[in-house]
K.L.:
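Just dropping this structure here.
Please read all numbers here as calculations on a predicted model, not as lab measurements.
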2 protein chains.
Amino acid sequence: MSTQIRFSLNEGLHLKDPQDSKLGRNIIQHSILLIDEFGFESFTFKKLAERIGSTEASIYRYFENKHLLLIFLVNWYWEWVSYLIKINTMNVSDARVKLKTIIHSFVFASKENPGIEYVNESKLHNIVISEGVKAYLTKDVDEENSKGFFSSYKNLANTVSNVISEINPQFKYPYALATNLFEMSNNHIYFAKHLPRLTDISVNGNNVDEVETMLNYFAEKLLF
Amino acid sequence: MSTQIRFSLNEGLHLKDPQDSKLGRNIIQHSILLIDEFGFESFTFKKLAERIGSTEASIYRYFENKHLLLIFLVNWYWEWVSYLIKINTMNVSDARVKLKTIIHSFVFASKENPGIEYVNESKLHNIVISEGVKAYLTKDVDEENSKGFFSSYKNLANTVSNVISEINPQFKYPYALATNLFEMSNNHIYFAKHLPRLTDISVNGNNVDEVETMLNYFAEKLLF
DNA sequence: TTTATATAATAGTATTACTATCATTTTAAA
DNA sequence: TTTAAAATGATAGTAATACTATTATATAAA
């Protein structure tokens, strides 16, 4: 028994908290591996059930459908990033340094020492990059938003926008810049890997140094 | 017979060019309306066939599947935006003014006098906003990219990045800024409508003035 | 030890995403 | 104008998906 980090995610995302049981943790662990491997569209509860030696019916007792599972995973990821940002900026007082630390934290989130044995943070990061926006780009967005399904991301955006406003109280777009830093990070890692003509940076292996440099440059130019 | 604009899109996107026949144009017209109405996930060829009084089999003679139809529509949109940018910047020599004109062109693309009677540009814009990224966020991206399925967007990004480099030849991220302006425009229109806590701007009705102002501010701060 | 709870095993349904075949209509060429 | 070719429609069928329902069995809590 190791001391496990536990995130409290919105109750409505699951019928039963998967963090509480072996099967639940198996679902999380292997859904990350399978979505990363096959992509979200080709991922099915049937494949997942086969992989973990369980049944579709059992998985449906945890998640209503694969879309809610995706939202769950994405929320989990943003909670993890929020957690990293919190501990990394804890002793930082200068707002400019704080923003740099924030950028570093989320660009390199998957390299931080993993705290949860059943979550492969690096593959979860890949999922957030390739599938993350599908969590909210649906016809159900308003209904799901009203249930608080995107609050992890919104809270994080709020945290970062506060730091931005601390750096430059006159800056008119603290929320837009905050979310744009996240979206840009994800987009350009994806572009560098798959559509390189849409970006200027390159990602060799999993070296995302150039992303960090670019985001810092954008943030500084806009704020300092 | 009116003089119709015609875009030459990648041949691999369709089995038969839908711009050439009444049924084909019906497919384009009503797929835009249905995807806008139901969202891409709930949109099916069966529903489309019913709507236009045709059959699934007939639609499959034009498009292999709904994913390729989506890519087709998105490409069509970017060709349309490229076309607008071209005519709007034709007589503009100052690069700074050119970029402003470009931003205005794509933020207000759906308000420009529509040239093609079977395409509802405003609803197509909504589709690009809500579903556009799903065109490339799939496991087939590399294969589809190698077939040139994303070239309309890449060409546009290239055009804009050239203007950016003309304004500031020292700027290191012309492609990233170009694509980011497009992505930001789409994202923040969506956020303003569905996840307002993720942005600072608001969109009342279809008034996207604040988006234009924000993009101009970002571009100027980064380049001038 | 009993009882509640979780999971597994199995089966079944409606819908989706196609493919195949053949009949009929439209168009275009001879 | 006839004829042939091409496009479309009508119909049927299949494998996979996204579930729901039922019953049996294993496990854990009282």
K.L.:
Please determine, for the side chain of A:Lys16, which listed nucleotide (D:dA7, C:dT7, D:dA21) has the closest atom?
P.N.:
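Nearest to the side chain of A:Lys16 among the choices is C:dT7.
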
K.L.:
Could you tell me how far apart A:Leu15 (CG) and C:dT5 (C1') are, to the nearest whole angstrom?
P.N.:
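In whole Å, C:dT5 C1' lies 16 Å from A:Leu15 CG.
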
K.L.:
Nearest to the side chain of A:Arg61, which nucleotide is it out of D:dT22, C:dC18, D:dA10?
P.N.:
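Looking only at heavy atoms from C-beta outward on A:Arg61, the closest nucleotide is D:dT22.
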
K.L.:
Nearest to the side chain of A:Lys66 - D:dA18, C:dA17, C:dA8?
P.N.:
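Minimum distance to the A:Lys66 side chain belongs to D:dA18.
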
K.L.:
Considering just the side-chain nitrogens and oxygens of A:Lys22, establish if one lies under 4.0 Å of OP1 or OP2 belonging to C:dT7.
P.N.:
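For C:dT7, neither OP1 nor OP2 has a side-chain N or O of A:Lys22 closer than 4.0 Å.
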
K.L.:
Name the residue closer to the 5' end of DNA chain C, choosing between B:His67 and A:Gly53 according to the nucleotide with the nearest heavy atom.
P.N.:
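In this pair, the answer is A:Gly53.
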
K.L.:
Do any side-chain nitrogens or oxygens of B:Ser21 fall under 4.0 Å of OP1 or OP2 in C:dT26?
P.N.:
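Indeed not, no polar side-chain atom of B:Ser21 lies that close.
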
K.L.:
Counting heavy atoms from C-beta on, name the nucleotide in C:dC18, D:dT8, C:dA6 closest to the side chain of B:Asn65.
P.N.:
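In terms of side-chain proximity for B:Asn65, the closest of C:dC18, D:dT8, C:dA6 is C:dC18.
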
K.L.:
Between D:dA18 atom C1' and A:Leu70 atom CG, what is the distance in whole Å?
P.N.:
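Checked: the CG to C1' distance equals 16 Å.
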
K.L.:
Roughly how many Å is it from CD1 in B:Ile52 to P in D:dA10, rounded to a whole number?
P.N.:
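In whole Å, D:dA10 P and B:Ile52 CD1 are 12 Å from each other.
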
K.L.:
May I ask you to evaluate whether A:Ser54 reaches the phosphate of C:dA8, defined as a side-chain N or O under 4.0 Å from OP1 or OP2?
P.N.:
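Answer is yes, contact under 4.0 Å.
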
K.L.:
Hey, does B:Phe45 reach any base, or is it just sugar-phosphate, or nothing, if we go heavy atoms under 4.0 Å?
P.N.:
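Nothing, no nucleic acid heavy atom in range.
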
K.L.:
Under 4.0 Å between a side-chain N/O of A:Tyr62 and OP1 or OP2 of C:dA6, yes or no?
P.N.:
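No, outside the criterion.
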
K.L.:
Distance from B:Asn26 atom CG to B:Ser58 atom OG, nearest 0.5 Å?
P.N.:
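Taking CG in B:Asn26 and OG in B:Ser58, the distance rounds to 11.5 Å.
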
K.L.:
Run the salt-bridge test on A:Glu41 and A:Lys134 with the 4.0 Å N-O cut-off and return the result as yes or no.
P.N.:
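A:Lys134 and A:Glu41: salt-bridged.
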
K.L.:
Looking at CZ of B:Phe45 and OH of B:Tyr62, how far apart are the two atoms once the value is rounded to the nearest 0.5 Å?
P.N.:
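The OH atom of B:Tyr62 is 12.5 Å from CZ of B:Phe45, to the nearest 0.5 Å.
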
K.L.:
Have a look at A:Lys46 and say if it touches a base, only the backbone sugar-phosphate, or nothing, with a 4.0 Å heavy-atom cut-off.
P.N.:
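Result for A:Lys46 = nothing.
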
K.L.:
Is B:Lys47 positioned over the aromatic face of B:Phe38, cation under 6.0 angstrom from the ring centre and no more than 45 degrees off axis?
P.N.:
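Judged by the rule, B:Lys47 and B:Phe38 form a cation-pi pair.
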
K.L.:
To the nearest Å, give me how far apart CG (A:Leu48) and P (D:dT17) are.
P.N.:
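Interatomic distance, CG of A:Leu48 to P of D:dT17: 13 Å.
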
K.L.:
Can you tell me how far C1' of D:dA21 sits from OH of A:Tyr60, to the nearest Å?
P.N.:
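Value for this atom pair: 14 Å.
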
K.L.:
If you check the A:Thr44 side chain, which of D:dA18, C:dT10, D:dG9 turns out closest?
P.N.:
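Shortest atom-to-atom distance from the side chain points to D:dA18.
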
K.L.:
Are B:Tyr173 and A:Ile201 packed together at the side-chain level, in the sense that at least one heavy-atom pair is separated by less than 4.5 angstrom?
P.N.:
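In contact.
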
K.L.:
How many whole angstroms separate atom CD of A:Glu56 from atom P of C:dG12?
P.N.:
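A:Glu56 atom CD is separated from C:dG12 atom P by 15 Å.
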
K.L.:
Tell me the interatomic distance from B:Arg25, atom CZ, to D:dA7, atom P, rounded to whole angstroms.
P.N.:
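Roughly 14 Å, once rounded to whole Å.
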
K.L.:
Assign B:Glu41 to base, sugar-phosphate, or nothing according to its heavy-atom contacts below 4.0 angstrom with the strands shown.
P.N.:
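No contact.
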
K.L.:
Does A:Lys139, at its NZ atom, have more than 12 non-hydrogen atoms belonging to other residues, nucleotides or ligands within less than 6.0 Å?
P.N.:
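Enclosed: over 12 neighbouring heavy atoms sit under 6.0 Å from NZ of A:Lys139.
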
K.L.:
Is the phosphate of D:dG9 approached by B:Ser58 (side-chain N or O, under 4.0 Å from OP1 or OP2)?
P.N.:
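So the side chain of B:Ser58 is within the cut-off, an N or O lying under 4.0 Å from OP1 or OP2 of D:dG9.
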
K.L.:
I need the CG-P distance between B:Leu69 and C:dA17, as an integer number of Å.
P.N.:
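Atom CG in B:Leu69 sits about 12 Å away from atom P in C:dA17.
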
